[in-house]
Each structure stands twice: as structure tokens, then as C-alpha cells.
K.L.:
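Starting off with a structure, shown below.
Any value given below was found using the heavy atoms of this structure, including those in side chains, with hydrogens, waters and symmetry copies removed. Order of the sequence lines fixes the chain letters, A, B, ..., with proteins taken first and strands second; residue numbering starts at 1 for each chain.
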Amino acid sequence: MSITLSIIYLIATVTFVIGLKFLGHPETAKKGNFISATGMILAIIGTLFLHGFENVPLINYILIGAALLVGTIIGWLIAMKVEMTKMPELVSLFNGFGGGSALLIGLIEFNKNVGVEDSMKASASIITTILAAIIIGSITFTGSLIAWAKLNGSMKDIRLPKYNLINNVMFLALAAFATYIVLMNTDSFLLITILLVASLIYGILFVIPIGGADMPVVISLLNSLTGIAAAITGVLYGNMVMLVGGILVGSAGLILTFVMCKAMNRSLSGVIFGAFGGDSDTVAATGKSGGSIKKTTASDSAILLNYANKVVIVPGYGLAVAQAQHVIHELETLLTKKGVDVSYAIHPVAGRMPGHMNVLLAESNVDYDKLIEMDDINPQFPNTDVVLVVGANDVVNPAAHNDPASPIYGMPILDVENAKHIIVNKRTMNAGYAGIENELFFNTKTSMLFGDAKSALTELVSELKNM
Amino acid sequence: MNELLKFISNNLELIYILILAIFIGVELIKNVPSVLHTPLMSGANALSGVVIIGALLVMLKADTPLALGMGFVAVVLGIINVVGGFAVTDRMLQMFKKKK
């Protein structure tokens, strides 16, 4: 490897660190992303032209060029076309591709060892590295694809009986089997195929039972694992940019995973090993909050909002699904013009990923300063005249405070029940994403405004305009 | 065990870098406001596409059609992760621009 390439890798590594640093602040985030992207492009071009290998056949270059072109076009098109509501599954899909790449590299490297003389065989530490790349790459590959399928709704949670036991035994078996391959120093293609298939299946089994509400945590965890897979292949090639880049993603992803768990008051092991969100028995048990609900109309709600001094909007994923983020902004502008103090209460896990709601609202030009985080808005609810909950459910469910039997018990929520009036817009009385009933809807201060978020809000806006 | 100790002594620098990089990653992310979690996850995801470098090395050294073919797929997958990841992060952050 030429010294120029080493320097390029060094520069790229520094851009990754700076990029991540800048990504952590709203003002510099865009610049940070650009800096890392530049570093990545530098590293790719540098590798292509300064690799220092001798006699690389022309056909290899042609195929590399073709692969880069095809992948760039596909990646670009997907990224430009996707709707912002579909972000979480897209991150998951891209992540799966990265894992797939790592797993293929591991397979090719293992294959080089097949059929060579014993004295020429790779050392046990190299084989260990290769196997680790294959196992982790496979788990992130199938795991991310399953997460993707589950988030875009084409797949439901499936729980095999005793799935925890099956998964844990399977994981131990994988580790034992990999150790066996290393110790035997075998080059058996059959054994490596079994390991590959077992890892791919483990990735599926690992993600398939995890409840919908816990999906963001899993994606973040898988993201972290892809970073580790990249770092491991970096060790294999003694390549610093891969090693440091991969480890940065690995540790950043892991911290992000813990931050998300904390926001939902879940432990990581609870997410991975505990059933949540799909257990019908719990739903039935907590679903007896009883009481009657109070329906309201758009015009009544409009009057309530019009004469309020302070209104807090609580947006949830239902708002995003209905593509109502633009109408809600219109409503907010209208109310502000009428002298009402309007702000948005953003729960850390509103939407399908932390910060997802902020992206969606930013897309429809909502002023950044109006988005208030949970800890800052909660003390303001007692002084709030009207809370408008749009398509949110679990994040305003008081069961988190007062029902120890509820699966979301202990999760920090937005204390909207402290406000003077609560208007909840929902399509139906169906339970939320976590699959549990919400006693807020039966509160005497709550009025239910049924309907699709977009049409209900549009009606609300036109009623307000007429006042 | 012997093998392990040998591995450690041969790769001491690597291990130092690894451990320090873990701490940098943690420190960089620890205090990020939750509003940026989604773009951050997406940006970090694009960075994990650095595995593309390994895929390129594999293809440059490939001498069998099998290695070349598998390397091809690895490069395609890796570059999708890189390009798609950075592009979509940029699209998201575009929306965060302050409007006055």
C-alpha cells in the first residue's frame, strides 16, 4: 500500500470523526454529513487507484466500475424517492446491504483458504476474524431485511413457542460451531455453508419476535452490528479506515440504542428477550378501563381552540401516515395569527424512530423552536388550555404511570391529562402500536375527534377560518 | 491461549486504536439531542458502508470467476449503503435548515 493511500485513509478517518461530531448539532449536521461523505469518496477513489497490487486484470476494473455505477444509481434513486415517513425501514434496508457486503467478503476470504496446503493455511486468528465477519454480516443482513419487512407492514410479529430458548440455544450453538471450525482448522466448504445458513436463520429468528414498538431499538442495534462487521473486515486487511470507521459506528450505534431504550424505559435485554407489543392476553387484561367516550365535531373543536390561550399539539405516527404534517402546520400558523400560543410536544420516540417526528414536521416547514421536548413541555401542561393529540396513542397513555400491569408501565409519557381540555384525533378506537388500551380516551376532559388526520384537520382549519 | 497472546502482541497497536475509537464513538454521541437521532442513525449507517473498501480490495485481488462474482455483489451492496445512506441523510437534514 502506497504512503499516499495511507494518508488518504488517515484523512478519511478524521472526516468520519468530524462528521459524526457535526451530526450531533442541528446547525452543523448537514455540513457533517457532507464532510464524512467526502472522506468516504476519497477513500474509495484512493483504494481504486493507489492499491499497489500488481497485474490486476482489466476485467476486474471493468466489473468494479460497473458495480459502482449500478449500486450508485440504485442507492441514489431509492434515497431520492423515499417518503420521509418511510425513513426507518429505509435505514434498515441500507443497513442490511452493508451487512450483506461484509458477509460476502468473509466468504470470499474463507474460500481462498480452501484446498491450499496446510503450511500455507491462514492462522487461527485470521480464520476467527473471517468467521466473525460471516456470522455478524449474516445476522445483520437477514435481521435488517426482516426489520424492513415488519416496518413496512408486509410482515407481522411471529413468536414460535419458547422462542427465547430456541434463540439462545441457537446462538450458543453458532458460537460453539464457529469455535469448532477454528480449532479443527478445517477448510470444509460444507461446514462453512452450514455456519452461513445457521447465521442467516439466527438473524431472522432474532428479529421476528420483537414487538413493533421496540423496532427502532433493534434497527439501531443492527446498525451498530454492521459497524462491527465492517471493523472486523478492517482487521482482516489491516485497513485503518475500515477499522476505525466501523468501530465508530459500532460504539455510536450502541450508545444510541441505550439512549432509545432509556427513552422508552426498556432494558436492552427486555427488548431482545422479553415479549412486548403483541401478547393478546395482556391486551385483554388491561383493556377494561371501561367508561364511555365523548365524541366531538370539528366545529366544536375549532371553537375550543379559537378561545384558548395556550395550545399544545401532540403529533404521532398517525399524523405522518395520513400525510397531515402540512395541514397541522397550517392550523398552527392560523392559531398563532389569532394570538394563540401554539407549540408541539415531541415525545422522544414519537413516530417510528427517535427524532422521526422532528424530521417530518421540519419537512412541512414547522419552526424548529416550536418543537418542545418532553421534559420541557411536561411542566407546562397544567397551564395549557387545549391539547390536540393527533395520531398519537402510547406516548400519552396514563397507564404508563398508574397501571403496573401494563406493558408500557414506567415509560416516560407526555402528561397531557393535566391540561384543561384534551382533543384526541384518531381514526378509530383501535389500540396503539404497542397494542394496548388507552384510558386517556375515557377521561372526562377528553373529547374524541374521529377521522383520518388529514381530513379532520382540514375541516378544523376551514372552521377556524370562518370564525 | 498461546495463539491468543501472540495475536495480542502482534496487534497491539490495532487494539489500542480499537479501544480509543470505542471511546470516541461514545463521547461523540452521548449528548446528542433526540431530535437528531434519526439523521444520526442514518448518517452512522452510511458510515458503516466503509465495508465497501474491503469489497473493492477483494475484487482487485480476485482471480476466480466465483470471487469476482461475489465481489461484484459485495461492491454493489456496499455502495448502495454508502450512496443511499449519505443521500437520504442529506435529504433529511435539508429540512432542518432554520427558517427565519
K.L.:
Between the side chain of Thr226(A) and the main-chain N/O of Gly98(A), is any donor-acceptor distance below 3.5 Å?
P.N.:
no
K.L.:
Please answer whether the main-chain N or O of Leu222(A) pairs with a side-chain N or O of Thr140(A) as donor and acceptor at a distance below 3.5 Å.
P.N.:
no
K.L.:
Between Glu109(A), Met80(A), Lys21(A), which has the largest tally of heavy atom pairs under 4.5 Å with chain B?
P.N.:
Met80(A)
K.L.:
Okay, side chain of Thr28(A), backbone of Phe22(A): is any donor-acceptor separation there less than 3.5 Å?
P.N.:
yes
K.L.:
Within a radius of less than 6.0 Å around CZ of Phe53(A), do more than 12 heavy atoms belonging to other residues, nucleotides or ligands occur?
P.N.:
yes
K.L.:
If you count heavy-atom pairs under 4.5 Å with chain B, which of Leu236(A), Ile73(A), Leu361(A), Thr72(A) comes out on top?
P.N.:
Thr72(A)
K.L.:
As an exercise: rank Gly246(A), Ser36(A), Gly250(A), Gly100(A) by heavy-atom pairs under 4.5 Å with chain B and give me the winner.
P.N.:
Ser36(A)
K.L.:
Need one label for Val26(B): side chain, backbone, both or neither, based on atoms under 4.5 Å from any heavy atom in chain A.
P.N.:
both
K.L.:
Any idea which of Val70(A), Thr233(A), Val241(A), Ile78(A) has the most non-hydrogen atom pairs under 4.5 angstrom with chain B?
P.N.:
Val241(A)
K.L.:
Which bit of Leu371(A) is near chain B, if near means a heavy-atom gap under 4.5 Å: side chain, backbone, both or neither?
P.N.:
neither
K.L.:
What option among Asn10(B), Leu56(B), Leu18(B) has the most heavy-atom pairs under 4.5 Å with chain A?
P.N.:
Leu56(B)
K.L.:
Is it the backbone or the side chain of Leu14(B) that comes under 4.5 Å from a heavy atom of chain A, or both, or neither?
P.N.:
both
K.L.:
Leu20(B) versus chain A, heavy atoms under 4.5 Å apart: side chain, backbone, both or neither?
P.N.:
neither
K.L.:
Is the backbone N or O of Ala67(B) less than 3.5 Å from a side-chain atom of Thr64(B), with the two atoms forming a donor-acceptor pair by type?
P.N.:
yes
K.L.:
Compare all side-chain heavy atoms of Ile8(A) with those of Phe49(A) and state whether any distance is below 4.5 angstrom.
P.N.:
no
K.L.:
Below 4.5 Å from any heavy atom of chain A, which atoms of Ala62(B) appear? Answer side chain, backbone, both or neither.
P.N.:
both
K.L.:
Kindly say whether Ser125(A) contributes a backbone atom to a donor-acceptor pair with the side chain of Thr129(A) at under 3.5 angstrom?
P.N.:
yes
K.L.:
Looking at Asn239(A) and Ile53(B), would you say the former's side chain and the latter's main chain have a donor-acceptor pair under 3.5 Å?
P.N.:
no
K.L.:
Relative to chain A, which segment of Leu57(B) carries a heavy atom at a distance below 4.5 Å: side chain, backbone, both, or neither?
P.N.:
both
